[in-house]
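This report refers to the structure that appears directly beneath it.
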Amino acid sequence: MKVLVASALLLVGSCATVRHSEKIDNLKESISYDQPDIVTKYLNTIDPDELKAHVEEIASDKYRGRLTGEEGHNEVCKYIRDYYKNQGLLPPQSHPNYFQKVPKEVLPDDLKDSQNVIAMIQGSEYPNEYLYFTAHSDHEGVQDGVIYPGADDNGSGTAALFEIAEAFKLAMHDGYMPKRSIIFLHVTAEEAGLHGSRYYANNPVFPLDDAVATLNVDMIGRVDERHKENEDYLYVIGADRISSELHYIIQEANDNFSNLSLDYKYNSEKDHNRYYYRSDHYNFATHGVPVVFFFNGEHEDYTKPTDTADKINYPLLAKRTQLIFATAWYLANSENRLTKEII
């Protein structure tokens, strides 16, 4: 009798496994790009030389390491704002100067008032559904008279958002309007504890209930020790925590357009680094927004004054940025909004 019961339980378990695998297969089959040649056309406008020019500017000494609230960081925020103005991206109606003030009252005691920078592309069919990009604009400032330029952290992510915005604008010029609105959010005070993104999540300019997903780009221009033998990789963190669909959309984008090695090492709940909780996407995840953190891992110049623009791998930065653009294209243009479901 015990043997029969055990066999019956084994059969039920096997059926349950099959049903789960079928759900996964069905989800994967539902994800496809209608016009991959169009996506390829615009992702190919993401240019290593343009990325280099952006990183060199953002990491230049004139911004004095971009410490939150200091003149150098305020100036780089103006540079970010002016870039979007020149691209023709709009500010939110409620913040016509593109800045969301982040008051010193919500920041550590040693920091001054600061600002998040917000620019947007309005969706053509679902303008009240919002796809977010986030990248932090601040860094470590000047310590003991030495400037910390933060070329990778996070000049690389800032430059990536610029190139993605330009690619979408070029597509729009040719008549390919995104169906959903796209928000480019450059947050302050990440280095001090994710304060700028926390302030935005608690005081959203666009309702977070209407946020489709948040794609966080923080350090994607270098190679860590783990991948010295295969530089074509990118860490993907958190994509499967709220939406299984987001996880598979990224895989589909990679299979179609990038062929990077997607590394999920740091996505494990058991990983002691706990990167999922350490960058700006997390403050959106706490509000139930599906998120993903794109990351190259720590390297020998992480949070050091030697994190300089000449050490960025610009062709690799372009390839990673193209993957993020392709992911965003799908999320912004799919017929159905991303589902919040874990399979």
Side-chain angles (χ1 to χ4, degrees), residues 24 27-28 31 33 39 43 46 131-136 152-154 156-157 159-161 163-164 190 194 197 211-286 289-299 302 313 316-332 334 338-343:
I24 295 295
L27 177 57
K28 288 181 178 180
I31 300 168
Y33 285 80
V39 183
L43 69 79
I46 294 171
L131 173 63
Y132 279 89
F133 286 100
T134 54
H136 72 88
D152 192 30
D153 187 12
N154 187 31
S156 62
L161 264 59
E163 283 292 285
I164 289 168
E190 189 270 353
L194 315 185
S197 57
V212 173
T214 296
L215 311 183
N216 183 40
V217 190
D218 187 359
M219 296 177 56
I220 62 164
R222 295 284 298 270
V223 175
D224 68 1
E225 188 63 33
R226 175 178 162 84
H227 294 91
K228 290 294 185 183
E229 301 303 317
N230 177 19
E231 296 185 346
D232 280 353
Y233 77 97
L234 188 61
Y235 290 109
V236 178
I237 302 171
D240 61 351
R241 303 287 181 100
I242 299 173
S243 170
S244 296
E245 187 179 10
L246 177 58
H247 172 80
Y248 290 112
I249 288 169
I250 295 166
Q251 290 191 352
E252 182 71 11
N254 188 55
D255 290 346
N256 277 270
F257 305 107
S258 303
N259 293 312
L260 292 166
S261 174
L262 301 183
D263 193 328
Y264 299 99
K265 172 181 170 59
Y266 295 134
N267 191 45
S268 171
E269 285 280 12
K270 297 179 181 179
D271 182 71
H272 71 278
N273 295 285
R274 292 175 63 79
Y275 289 121
Y276 178 71
Y277 306 94
R278 290 173 52 186
S279 193
D280 293 299
H281 61 280
Y282 180 66
N283 286 318
F284 288 81
T286 60
V289 179
V291 301
V292 60
F293 173 20
F294 295 105
F295 181 48
N296 55 215
E298 296 181 16
H299 46 76
Y302 174 63
N313 183 330
L316 181 57
L317 174 56
K319 193 170 186 179
R320 290 166 170 169
T321 304
Q322 289 169 345
L323 168 63
I324 299 166
F325 171 79
T327 301
W329 183 281
Y330 187 95
L331 292 167
S334 62
L338 181 72
T339 57
K340 296 182 184 181
E341 181 183 9
I342 304 298
I343 296 177

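The analysis underlying the following values was restricted to heavy atoms, covering all of them including side chains, and did not include hydrogens, waters or symmetry mates.
- L43 and A326 get closest at one heavy-atom pair: CD2-CB, 4.3 Å.
- Side-chain contact check for K265 versus R226: some heavy-atom pair is nearer than 4.5 Å.
- For the residue pair H136 and N216, no side-chain donor N or O sits within less than 3.5 Å of a side-chain acceptor on the partner.
- Judged by distance alone, the side chain of D271 and the main-chain N or O of N273 form a donor-acceptor pair under 3.5 Å.
- At least one side-chain heavy atom of I249 sits less than 4.5 Å from a side-chain heavy atom of L338.
- The aromatic ring centres of F293 and Y276 sit 6.0 Å or more apart.
- Side chain of S244 to main chain of D240: no donor-acceptor pair is present (N/O by atom type, distance under 3.5 Å, no hydrogens or angles).
- Here the CD atom belonging to E245 is positioned 13.5 Å from the NZ atom belonging to K28, to the nearest 0.5 angstrom.
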Is there a ring-ring contact (aromatic ring centres under 6.0 Å, His included) between H281 and F295 once you walk through the steps? CA-CA 12 Å; H281 61 280; F295 181 48; 9.7 Å; no
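- The backbone N or O of R222 sits nowhere less than 3.5 Å from a side-chain atom of H299 that would complete a donor-acceptor pair.
- For D232, the side chain to side chain donor-acceptor pair (under 3.5 Å) test picks out K319, with sequence neighbours left out.
- In summary, the side chains of D255 and Q251 do not present any donor paired with an acceptor at a separation below 3.5 Å, with no hydrogens or angles considered.
- Aromatic ring orientation, Y33 versus F257: perpendicular (interplanar angle above 60°, classes split at 30° and 60°).
- Smallest separation of non-hydrogen atoms from I250 and A239: CD1-CB, 3.7 Å.
- Taking the ring centroids of Y233 and Y235, they lie under the 6.0 Å cut-off.
- No side-chain heavy atom of N267 sits less than 4.5 Å from a side-chain heavy atom of V236.
- The closest side-chain donor-acceptor pair between D152 and S156 falls under 3.5 angstrom.
- Side chain of S258 to main chain of N254: no donor-acceptor pair is present (N/O by atom type, distance under 3.5 Å, no hydrogens or angles).
- Distance check: F325 CZ to I164 CD1 gives 8.0 Å after rounding to the nearest 0.5 Å.
- For the pair T214/F133, no side-chain contact is recorded, criterion being any heavy-atom separation below 4.5 Å from C-beta on.
- If you check the side chains of N154 and E190, you find no donor sitting under 3.5 Å from an acceptor.
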Assess the residue pair T134 and S197 against the criterion (side chain to side chain contact (heavy atoms under 4.5 Å, CB included)); give the C-alpha distance rounded to whole Å, side-chain angles, the decisive distance to 0.1 Å, and a yes or no. CA-CA 8 Å; T134 54; S197 57; over 6 Å; no
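- Distance check: H247 NE2 to I242 CD1 gives 14.5 Å after rounding to the nearest 0.5 Å.
- Taken to the nearest 0.5 Å, the CD1 atom of I24 stands 5.0 Å off from the CD1 atom of I343.
- Summarising the geometry, atom OH belonging to Y264 is positioned 11.5 Å from atom CD1 belonging to I237; distances are rounded to the nearest 0.5 Å.
- Using modelled atom types, no side-chain atom of S243 and backbone atom of E341 make a donor-acceptor pair closer than 3.5 Å.
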Please assess V291 against L215 for the test side chain to side chain contact (heavy atoms under 4.5 Å, CB included), listing each intermediate value before the final yes or no. CA-CA 6 Å; V291 301; L215 311 183; over 6 Å; no
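- Of the possible polar contacts, none joining the D224 side chain to the G297 backbone as a donor-acceptor pair under 3.5 Å is found.
- Of the possible polar contacts, one joining the N296 side chain to the G221 backbone as a donor-acceptor pair under 3.5 Å is found.
- The line from OH of Y248 to CD1 of I31 is 9.0 Å long, rounded to the nearest 0.5 Å.
- Annotation: side chain to side chain donor-acceptor pair (under 3.5 Å) contacts of E163 (sequence neighbours excluded): none.
- Put simply, the side chain of R241 never gets that close to the backbone of A285: no donor and acceptor are under 3.5 Å apart.
- The closest side-chain heavy-atom distance from H227 to D263 is below 4.5 Å.
- Using a 4.5 Å heavy-atom cutoff, the side chains of Y266 and H272 are not in contact.
- Side chains of I324 and V217 form a contact here, defined as non-hydrogen atoms less than 4.5 Å apart.
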